[in-house]
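In what follows, chains are A, B, ... by sequence order, proteins preceding strands, each numbered from 1. Since we're looking at a predicted model, the values are computed, not measured.
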Amino acid sequence: MSAVATPKVRGRGWLLAACLLWVGMLLLVPLVGIVITALEPGIHVVTETLSSPDVIHALQLTAVITVISVVVTALFGVVVAWVLVRQRFWGRALMNATVDLPFALSPVTVGLAALVLFGPGGWLASFFESRGIQIIFALPSMILVTVFICVPFTIREVVPVLEEIGLDEEDASRTLGASVWQTFFRVTLPNIRWALAYGVALTTARAIGEIGAVLIVSGLLQGKTETATLFIFRAYEERQVPAAYVVALLLAAVSVTLLVVIEFLLHRQEREGTRT
Amino acid sequence: MGSAAQTLGGRSGLRSSQRTAASLRHLALRGAAVVYLGLLVALPVVAVVTKGFGDGLGTFRDAMATPAAWAAVRLTLWTSTVAAGLNAVMGTLLAWVLVRYRFPGRRLLSTVVDLPLAIPTLVTGVMILALYGPNSIFGRFLDDLGIRVLFTPIAIVIALCTVTLPLVVRNVQPVLQELDTAEEEAAATLGAGPRTTFRRVVFPAIRSAVVAGTLLTFSRCLGEIGSVILVAGNIPKKTLTAPVFIFQLTSQFKPAEAASVATLLFAFSFVLVLVTSRLIARKEAPV
């Protein structure tokens with residue numbers, strides 16, 4: 001190996017340097033930058049910001065939206081993945097393409113779609129209005145758009161695993177007398193668990209970070225429909241820059257932690273993959 | 001005894017009532033999947049397209065009549081092209097370095113490359129503000145050199161490059177990993193230099209992955225708002241991108257115009273996603 005590599009050593013150094021410079025400039029330096037900028041005014045700014053009612057409410061709202069989105073996309077994601085892999089039916093290709101639609105749409109477009117459907121004069125607005133249910137500029141529409149954006153993550157992680165494990169184990173379990181549910185919980189779920197967990201982790205990250213769609217459907221009501229990202233946005237626009245930096249740093253810290261979990265899950269998946 | 005034999009006979013041996021239950025279950029699951037995707041994903045898309053083009057091209061013409069609208073679409077197209085081009089090159093390079101080189105910190109580099117998958121895009125924007133802003137050492141240094149980054153298209157390109165960094169890398173990496181080095185060694189033995197080997201042996205093998213990753217990057221850039229909205233300055237005709245323009249139209253209660261511009265963007269990126277999935281399908285077909 002080293003004998004082959006020696007003539008290329010100089011070229012190698014340059015390539016590696018270019019990569020480190022690119023990643024460093026785009027990610028590492030800005031990450032260090034935000035830590036310094038956020039903590040520079042002193043620790044009291046951090047505690048004040050994180051104990052202000054607006055920030056607490058925003059973080060709670062983000063948590064609620066994230067948890068609901070994760071549960072919905074995980075449950076239905078497994079159903080859709082299973083149907084896509086195990087069933088052959090007319091319109092399957094269309095269903096497959098629909099799953100990828102959210103990847104092709106700008107979050108702004110998703111928010112706009114909710115506005116067209118539920119906003120003033122929208123297609124479904126009168127139906128919900130007459131029943132006194134507030135969808136737009138309220139929590140339901142914020143959950144809807146977040147779920148929309150997160151739909152593909154679990155499905156795209158679970159589908160390849162389901163394809164790979166095939167039908168044998170499930171069939172065996174059924175023939176041996178296990179019920180459908182037993183088969184699912186004892187055979188299918190353990191096989192897809194790492195892929196599912198990875199999909200859930202990606203969904204969580206995406207839901208916490210969502211801004212474009214909620215920017216439109218939330219109505220930007222301070223203290224009411226303001227998520228953590230929307231708080232950062234407003235704080236920055238209103239020149240409360242230190243508060244914006246502190247909450248941004250908090251979200252960055254959460255996402256770095258999530259990333260560590262994601263990497264762990266990826267390695268688990270790879271290891272399970274090589275074992276089978 | 002009889003029932004055991006029947007059960008062991010597998011699917012064909014199931015009693016007819018069991019078979020009916022199974023097919024009902026299949027139908028119910030399929031129905032759930034169709035309703036979920038139909039109501040949640042397809043309906044909103046139909047709503048936007050209908051809103052934008054429901055009465056023919058009239059709304060679209062009105063929406064695009066202002067110079068700011070065309071300028072926004074043009075800006076988004078060219079900044080996305082530049083960002084996709086940069087990440088096509090750097091992403092391929094990164095994938096190559098991560099797969100073929102062994103150096104201290106390789107695992108860390110691999111994790112850092114995935115960071116944009118986890119970091120909220122708005123936080124990426126705030127990070128760029130902190131780094132290039134007038135209060136940072138680096139920002140002042142660039143200012144002294146006469147280089148302005150914030151509130152110029154440069155900031156937009158930096159933001160787009162950052163949030164799409166993992167896409168090309170994660171498309172190319174698995175292909176490179178599976179590539180047999182024997183061919184490259186053969187090329188080297190036959191006297192080909194490292195550049196020729198890369199161009200003639202390695203690149204043809206990873207080409208479709210690079211293209212797929214690049215198209216995905218471009219499509220993602222077209223719709224990106226979180227990382228851009230704070231750093232671009234959003235000056236009409238100068239640094240106002242199409243997604244931010246759509247957002248502004250909706251806050252001015254012009255959903256029809258917003259829907260027109262959104263449909264235009266969607267058309268671009270949907271075609272790209274279709275092309276990408278075809279490419280991926282073709283790549284996987286012979287295996």
Closest-packed option against chain B by number of heavy-atom pairs under 4.5 Å, given [options]:
options: Phe89(A), Phe233(A), Phe103(A); result: Phe89(A)
options: Cys19(A), Ala205(A), Gly33(A), Ala113(A); result: Cys19(A)
options: Met95(A), Glu263(A), Gln87(A); result: Gln87(A)
options: Val151(A), Ile208(A), Leu251(A); result: Val151(A)
options: Leu112(A), Val80(A), Val29(A), Val79(A); result: Leu112(A)
options: Val23(A), Leu94(A), Leu258(A); result: Val23(A)

Below 4.5 Å from any heavy atom of chain A, which atoms of [X] appear? Answer side chain, backbone, both or neither.
X: Ile246(B); value: both
X: Thr50(B); value: side chain
X: Thr162(B); value: both
X: Phe268(B); value: neither
X: Val41(B); value: both
X: Thr111(B); value: both
X: Leu115(B); value: both
X: Val34(B); value: both
X: Ile229(B); value: side chain

Please classify the contact between [X] and chain B as side chain, backbone, both or neither, with a heavy-atom cut-off of under 4.5 Å.
X: Ile211(A); answer: side chain
X: Val32(A); answer: neither
X: Leu124(A); answer: side chain
X: Leu115(A); answer: side chain

Going by heavy atoms in the side chains, are [X] and [Y] under 4.5 Å from each other?
X: Tyr36(B); Y: Thr73(A); result: yes
X: Val45(B); Y: Thr98(A); result: no
X: Glu237(A); Y: Leu230(B); result: yes
X: Tyr236(A); Y: Leu122(B); result: no
X: Ile119(B); Y: Leu31(A); result: yes
X: Phe266(B); Y: Ser106(A); result: no
X: Thr37(A); Y: Asn135(B); result: no
X: Phe253(B); Y: Pro120(A); result: no

How long is the gap from [atom1] on [X] to [atom2] on [Y], to the nearest 0.5 Å?
X: Leu222(B); Y: Leu105(A); atom1: CG; atom2: CG; value: 11.5 Å
X: Arg30(B); Y: Leu84(A); atom1: CZ; atom2: CG; value: 11.0 Å
X: Ser136(B); Y: Ile34(A); atom1: OG; atom2: CD1; value: 12.5 Å
X: Ser251(B); Y: Ile216(A); atom1: OG; atom2: CD1; value: 8.0 Å

Any idea which heavy atoms bring [X] and [Y] closest together, and the distance?
X: Leu215(A); Y: Phe247(B); answer: CG-CE1, 3.4 Å
X: Val123(B); Y: Ala248(A); answer: CG1-O, 3.6 Å
X: Met25(A); Y: Leu131(B); answer: O-CD2, 4.4 Å
X: Val48(B); Y: Thr109(A); answer: CG2-O, 3.8 Å
X: Ala18(A); Y: Met90(B); answer: O-CE, 3.6 Å

Does [atom1] in [X] sit with more than 12 non-hydrogen atoms of other residues, nucleotides or ligands closer than 6.0 Å?
X: Arg107(B); atom1: CZ; answer: no
X: Arg102(B); atom1: CZ; answer: yes
X: Ile137(B); atom1: CD1; answer: no

Top of Ala242(B), Ala21(B), Pro243(B), Ser219(B) for chain A proximity - count of heavy-atom pairs under 4.5 angstrom: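 The answer is Pro243(B).
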
Using a cut-off of under 4.5 Å for heavy-atom pairs, which of Cys161(B), Ala42(B), Ala32(B) has the most such pairs with chain A?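 Option with the greatest count: Cys161(B).
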
Run the side chain to side chain contact (heavy atoms under 4.5 Å, CB included) check on Trp22(A) and Leu165(B) step by step: do they pass? CA-CA 10 Å; Trp22(A) 184 245; Leu165(B) 181 68; 3.3 Å; yes

Begin with the C-alpha distance, continue with both residues' side-chain angles, and end with the deciding distance and a verdict on side chain to side chain contact (heavy atoms under 4.5 Å, CB included) for Lys51(B) and Trp123(A). CA-CA 10 Å; Lys51(B) 189 79 178 177; Trp123(A) 295 7; 5.6 Å; no

What verdict does the side chain to side chain contact (heavy atoms under 4.5 Å, CB included) test give for Val116(A) and Val46(B), after you've listed the backbone C-alpha separation in whole Å, the side-chain angles of each residue and the deciding distance to 0.1 Å? CA-CA 10 Å; Val116(A) 171; Val46(B) 173; over 6 Å; no

When you look at Leu129(B) and Tyr245(A), which way does the side chain to side chain contact (heavy atoms under 4.5 Å, CB included) test go after all the steps? CA-CA 10 Å; Leu129(B) 281 175; Tyr245(A) 280 130; 4.0 Å; yes

